[in-house]
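A, B, ... follow the sequence lines: proteins, then strands. Residue 1 opens every chain.
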Protein chains: 2
Amino acid sequence: MASNAPAHDWREAKRRSAREAIVEAAWELVAEEGLAGLSIRELAKRAGITTPTVYAYFDSKHAIYDAMFGQAAEEFVDLMWSPYGTDDPEQELRIGVRRFLDYCTSNVPRYQLLFQRTIPGFEPSPESFAHSLRSYEHLLKRLKGIGVTDQRLVDMWTAMSTGLVDQQISNDPGGDRWSRLIDDFVDMFLAYARTQGTSATAKSKPTKRRART
Amino acid sequence: MASNAPAHDWREAKRRSAREAIVEAAWELVAEEGLAGLSIRELAKRAGITTPTVYAYFDSKHAIYDAMFGQAAEEFVDLMWSPYGTDDPEQELRIGVRRFLDYCTSNVPRYQLLFQRTIPGFEPSPESFAHSLRSYEHLLKRLKGIGVTDQRLVDMWTAMSTGLVDQQISNDPGGDRWSRLIDDFVDMFLAYARTQGTSATAKSKPTKRRART
DNA sequence: GTCTATAGCTGGATAGAC
DNA sequence: GTCTATCCAGCTATAGAC
C-alpha cells in the first residue's frame with residue numbers, strides 16, 4: 001500500500017516510525033490502565049506529543065486499537081509460523097500451544113484485544129484481521145500433522161487452549177496453576193482424538209494429504 | 001445486618017424492593033450497552049428516578065456492580081444446587097455443565113461480571129463472593145461423585161468448561177458451535193480421568209466419603 | 001427520599017495560528 | 001505536523017430546597 005513511490009521513501013518511513021512510537025506508548029498505557037483505559041490525552045502525554053498530533057497519525061481511537069491489533073496479530077502469526085525445531089508433529093503441537101499460552105498470559109490486554117470482544121464497537125480492519133486468519137491456518141496445519149481434521153475436534157482444541165488461558169488469567173494471574181497443565185491437556189486430547197477415527201499420532205497411518213488448490 | 005428490628009419491617013422491605021428495581025434496570029442497561037456501559041444517569045432514567053435518588057440506595061457505581069454480582073451469584077448457586085432429577089453421578093455432571101454453559105451464554109455481561117475481571121478496580125464484597133464459593137463447592141461435590149478429587153483434574157475441568165463458554169461467546173455468539181460439544185467434552189474428560197487413578201465412573205469402586213467438619 | 005441544579009472532571013475530537 | 005486553546009458531550013457525585 002502506497003508502495004511504488006520511489007522518491008520520498010524517507011517520508012513514509014518517518015511517518016511510520018512516528019506511528020509506531022505512538023502505538024508503543026499505547027501498549028505501555030494499556031498495560032497499566034487496562035485495555036479500556038486507553039485515553040488519547042494520556043497517550044499523547046506519554047508519547048511526548050500533544051493530543052492533536054495523535055490525530056495527525058490516527059483518525060480515531062478505534063484506529064489506534066486497530067493498529068495495535070494489526071501489530072500484535074502480525075507478531076503472533078510470525079511466532080506461530082517460526083520454526084519448531086522438531087519433525088515430530090505431536091511435539092510441534094505441544095510447542096505450539098505453549099507458545100500460544102505464553103503469548104496470551106504475558107500480556108493480558110493484548111490477549112483481550114486479539115482474542116476477546118472486550119472493546120464495545122471495535123472490529124479489526126480486514127488487513128489487521130488477515131493475520132489472525134493465517135494463525136488459524138497454522139493451527140489447522142499442526143492439527144492435521146497429528147491426523148486431526150474434523151472441525152469438531154478443531155473446535156474442541158481451541159476451546160481447551162482458550163480455557164487454559166482464561167482460567168490462568170482470571171484465577172491465578174502471574175502464576176502457573178493452569179499453564180502447568182498443558183501437557184495433561186494435550187495427553188487428554190490426543191487420547192480422545194484417537195478414539196474418534198483420526199490417526200492422532202504417528203503410530204497410526206499418516207493422514208492422506210489433499211493437495212491445496 | 002440491621003436485622004432484629006421487629007417493627008418497621010415494612011420499611012426494610014420497601015427499601016429492598018426499591019434497590020431491587022434499580023438493580024433490575026441496571027441489568028437491562030448492561031444487556032444493551034455492555035457491562036462497562038453502565039451509567040448512573042441512564043440507569044436512573046430507566047428506573048424512573050433521578051440520579052441523586054440512586055445514591056440514596058447505593059454509595060457508588062461499584063456498589064451497584066456488587067449488588068448485581070451478589071444477586072447473580074446467589075441465583076447461580078441456587079441453580080447449581082437445585083435437584084438434578086437423577087442418581088447417576090455422571091448424568092449429574094453432564095447436567096451441571098449444561099446448566100453452567102446455558103447460564104453463562106444466555107447473559108454475557110452477567111458472565112463477565114461473575115467470572116471474569118473486566119471492570120477495572122471492581123472486587124465483589126465478601127458477602128457477594130461467598131455465593132461463588134458455594135457454587136464451587138457444589139462443583140467439587142459433583143466431581144467427587146464420579147470419583148474425581150485430584151485438584152489438577154478439577155482445574156482441568158474448570159478450564160474446559162470456561163473454554164467452551166468463552167469460545168461460544170467470542171466466536172459464535174447466539175449459536176451453538178461450541179455448546180453442542182458438551183457431551184464430547186465430558187466423554188473426553190471422563191476417559192482421561194479414568195487413566196489418572198480415580199474411579200471416574202460408577203463401575204469402579206465408589207469414592208470413600210470423608211465426613212465434613 | 002426525592003427532587004432541581006450543578007460542581008468538577010475527563011473524555012474524544014477540532015479550529016486555527018505557526 | 002505541531003502546537004495552544006477550546007468545544008462539547010459525557011461521566012460520578014453532591015449541595016441544598018422541599
Any residue meeting salt bridge (charged side-chain N to carboxylate O under 4.0 Å, His left out) with B/Lys14, in chain and number order, not counting sequence neighbours: none
Listed once per pair and sorted, the salt bridge (Lys or Arg N to Asp or Glu O under 4.0 Å) pairs that draw on residues 165-185 of chain A, sequence neighbours left out: A/Arg94-A/Asp183, A/Asp176-A/Arg180, A/Arg177-B/Asp155, A/Asp184-B/Arg152
Residue-level proximity of residues 32-46 of chain B to DNA chain D when a heavy atom falls under 4.0 Å: B/Leu38, B/Ser39, B/Ile40, B/Arg41
Between CG on residue B/Leu35 and CD1 on residue B/Ile119, distance to nearest 0.5 Å: 4.0 Å
Between C/dC3 (C1') and B/Tyr57 (OH): distance, integer Å: 13 Å
Basic-acidic side-chain contact under 4.0 Å: A/Glu20, A/Arg16: no
Per A/Arg15 side chain, nearest of listed nucleotides C/dG12, C/dG1, D/dG1: D/dG1
Side chain to side chain donor-acceptor pair (under 3.5 Å) involving B/Trp81 - partner list, sequence neighbours excluded: none
Salt bridge flag under 4.0 Å for residues B/Arg46 and B/Glu42: yes
Listed nucleotide nearest any side-chain atom of B/Thr50, set C/dT4, C/dA13, D/dT12: C/dT4
Interatomic distance, A/Ile49 CD1 vs D/dT2 C1' [rounded to whole Å]: 9 Å
Whole-Å gap separating P (C/dA13) and NZ (A/Lys61): 8 Å
Taking every non-hydrogen atom, the tightest pair across A/Ser106 and A/Arg110: OG-NH2, 3.1 Å
Aromatic plane relationship, B/Phe115 with B/Phe100 - under 30° parallel, 30 to 60° tilted, over 60° perpendicular: perpendicular
Spacing of A/Phe58 atom CZ relative to C/dT14 atom P, expressed in whole Å: 15 Å
Nucleic acid contacts - residues 16-30 of chain A versus DNA chain D, non-hydrogen atoms under 4.0 Å: none
Pair B/Thr158, A/Gln167: side-chain N/O donor-acceptor within cut-off below 3.5 Å: yes
Matching residue for B/Trp157 among B/Val148, B/Thr162, B/Leu140, B/Val186 - test: side chain to side chain contact (heavy atoms under 4.5 Å, CB included): B/Val186
Pair B/Thr105-B/Gln168, side-chain donor/acceptor within less than 3.5 Å: no
Strictly under 3.5 Å: I want the nitrogen or oxygen pairs between protein and nucleotides 14-18 of chain D, one per line.
none

